[in-house]
Amino acid sequence: MDCIFCKIIAGEIPSKKVYENEHVLAFHDLSPRAPVHILVIPKEHIASAAEISAENSVYVAKIFEAIPEIAEAAGVKEGFRVVTNSGTSVGQSVMHLHFHLLGGRAFSWPPG
Ligand code: AMP
């Protein structure tokens, strides 16, 4: 499968890894939009949030279990944002489910 994040999981493409367990990998975004910009992804290929189901939701649970630890290690546990883009119309560019963990600056709400 020609998926860049699957290749990162397989170690075929380098990444700046910050966290890993059986279900989850987290690494720095290549083009950070904030002082802290980490991508948290499932180790199974799930195309987007639109493809989350009872069969694969354990990966989502494991991701959100890991996020407090990742945020703490990044120094932003007191305030961070978690975002996922699902679909090209809202800006998804990599078709492997990922949650952007953003912090280290102020963010507007609602997002643009
Ligand atoms: P999205 O646009 O929501 O699909 O987010 C995809 C994110 O992946 C973007 O923020 C990119 O900067 C990031 N990205 C793409 N390729 C890589 C890579 N090889 N390593 C780290 N981040 C990447």
Side-chain angles (χ1 to χ4, degrees):
M1 191 186 299
D2 194 25
C3 169
I4 193 165
F5 286 177
C6 285
K7 288 179 179 168
I8 286 175
I9 292 164
E12 294 165 11
I13 291 177
S15 70
K16 289 187 181 168
K17 184 168 68 177
V18 296
Y19 179 93
E20 183 170 21
N21 69 24
E22 183 190 347
H23 294 88
V24 178
L25 180 67
F27 51 91
H28 289 288
D29 195 291
L30 208 54
S31 306
R33 302 301 184 107
V36 172
H37 188 172
I38 292 166
L39 299 174
V40 193
I41 72 171
K43 284 191 171 176
E44 177 173 292
H45 184 83
I46 300 168
S48 73
E51 302 300 324
I52 295 168
S53 67
E55 283 66 45
N56 63 26
S57 62
V58 63
Y59 285 91
V60 181
K62 295 295 182 183
I63 283 169
F64 278 85
E65 286 171 19
I67 278 174
E69 187 178 332
I70 298 167
E72 182 159 39
V76 295
K77 197 172 178 185
E78 81 293 341
F80 59 88
R81 182 170 289 181
V82 177
V83 179
T84 190
N85 296 315
S86 184
T88 53
S89 64
V90 299
Q92 187 180 5
S93 60
V94 177
M95 298 302 139
H96 182 123
L97 178 65
H98 51 280
F99 294 90
H100 299 259
L101 193 166
L102 299 148
R105 66 166 172 83
F107 295 96
S108 59
W109 189 262

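All ligand and atom numbering here is 1-based and tracks the order in the structure. Computed from a predicted structure; not experimentally measured.
Using cut-offs of 30° and 60° for the angle between ring planes, the F5 and F27 rings count as perpendicular.
Dense packing is recorded around CD of E44, with more than 12 heavy atoms of other residues, nucleotides or ligands lying under 6.0 Å away. For R81, the CZ atom counts as densely surrounded, since its 6.0 Å shell holds more than 12 non-hydrogen atoms of other residues, nucleotides or ligands.
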Once you restrict both partners to nitrogen or oxygen, which atoms of ligand 1 have a protein partner under 3.5 Å, and how far apart are they?
residue, atom, partner, partner atom, Å
ligand 1, 2 (O), G91, O, 2.9
ligand 1, 2 (O), S93, N, 3.3
ligand 1, 2 (O), S93, OG, 2.8
ligand 1, 3 (O), N85, ND2, 2.8
ligand 1, 3 (O), H98, NE2, 3.1
ligand 1, 3 (O), H100, NE2, 2.8
ligand 1, 4 (O), S93, N, 2.6
ligand 1, 4 (O), S93, OG, 3.3
ligand 1, 4 (O), V94, N, 3.1
ligand 1, 4 (O), H98, NE2, 2.9
ligand 1, 5 (O), H98, NE2, 2.9
ligand 1, 5 (O), H100, NE2, 3.3
ligand 1, 10 (O), D29, OD1, 3.2
ligand 1, 10 (O), D29, OD2, 2.5
ligand 1, 12 (O), D29, OD1, 2.5
ligand 1, 22 (N), L30, N, 3.1

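Classification of E20 and K43 as a salt-bridged pair holds, one side-chain N sitting under 4.0 Å from a carboxylate O.
Residues V76 and Y19 are members of one and the same hydrophobic cluster, defined by side-chain heavy-atom contacts under 4.5 angstrom among Ile, Leu, Val, Met, Phe, Trp and Tyr.
No side-chain heavy atom of H100 sits under 4.5 Å from any side-chain heavy atom of V40.
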